[in-house]
Amino acid sequence: QVQLVESGGGLVQAGDSLRVSCAASGRTFSNYRMAWFRQAPGTEREFVAFIDQSGTGTAYVDSVKDRFIVSRDNTKNMMYLQMNKLTPEDTAVYYCAATPSLTAFMGREDYDYWGQGTQVTVSS
């Protein structure tokens, strides 16, 4: 198993930047594909960003492309999401997710382990 803990959320203004982090413990972190999802009140949890085991392969939902950057540091067992040019529509609880599956990508069902989430609120 792997345990995931998100941090770094908060209240920011539109146009600001924020970085959220995901700390992993347990199994070998570099064996896991990772992703960020988010969930706003009254909506389903949606995919935000994906990163492969080495960190060289990434993907994003269209609404955050060119604004968000996902990265990982396998030496520190950490994953990050740098969020720039934030808008009120980015307000949500952000979750990190992990799986050892080599075919996992953007689906919620692809991921076996989840953190508890960190709240990001963007005011207009």
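Quick note: numbers below take in every heavy atom, side chains included, and nothing from hydrogens, waters or symmetry partners.
Residues passing the side chain to side chain donor-acceptor pair (under 3.5 Å) test with Y94 are R38, sequence neighbours excluded. Not a single side chain to side chain donor-acceptor pair (under 3.5 Å) links S124 to another residue, sequence neighbours left out. Every residue two or more places apart in sequence or in another chain was checked for a side chain to side chain donor-acceptor pair (under 3.5 Å) with D66, and none qualifies. Taking M106 as the reference, F47 meet the side chain to side chain contact (heavy atoms under 4.5 Å, CB included) condition, with sequence neighbours excluded. The side chain to side chain donor-acceptor pair (under 3.5 Å) test applied to T43 returns no partner, not counting sequence neighbours. Under the side chain to side chain contact (heavy atoms under 4.5 Å, CB included) criterion, T28 pairs with S30, N31, not counting sequence neighbours. When the side chain to side chain contact (heavy atoms under 4.5 Å, CB included) test is applied to T56, the partners found at least two apart in sequence or on another chain are D52, S54. Contacts of F50 classified as ring-ring contact (aromatic ring centres under 6.0 Å, His included), with partners at least two apart in sequence or in another chain: F105.
Of all heavy-atom pairs spanning N74 and N77, the tightest one is O-OD1, 3.4 Å. Residues G115 and Y95 come closest through the heavy atom pair O-CD2, 3.6 Å. When all heavy atoms are compared, the tightest approach of A98 to V2 is CB-CG1, 4.1 Å. Y111 and R33 get closest at one heavy-atom pair: CE2-O, 3.9 Å.
L102 belongs to no multi-residue hydrophobic cluster, having no ILVMFWY side-chain contact under 4.5 Å with any other such residue. Cluster partners of V5 are absent, since no Ile, Leu, Val, Met, Phe, Trp or Tyr has side-chain heavy atoms less than 4.5 Å from it.
Taking 4.5 Å as the limit, some side-chain heavy atom of V64 sits within range of a side-chain heavy atom of V48. Annotation: side chain of Y80 is not in contact with side chain of V70 (no heavy-atom distance under 4.5 Å).
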Let me have the donor-acceptor pairs involving side chains of residues 11-20, under 3.5 Å, with sequence neighbours excluded, atom names and distances please.
residue : atom : partner : partner atom : Å
D16     : OD2  : Q13     : N            : 3.1
S17     : OG   : N84     : OD1          : 3.0

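In this model, a donor atom of one side chain and an acceptor atom of the other lie less than 3.5 Å apart for Q119 and T121.
Sorted by first and then second residue, the pairs that involve residues 105-114 and meet salt bridge (Lys or Arg N to Asp or Glu O under 4.0 Å), not counting sequence neighbours, are E44-R108.
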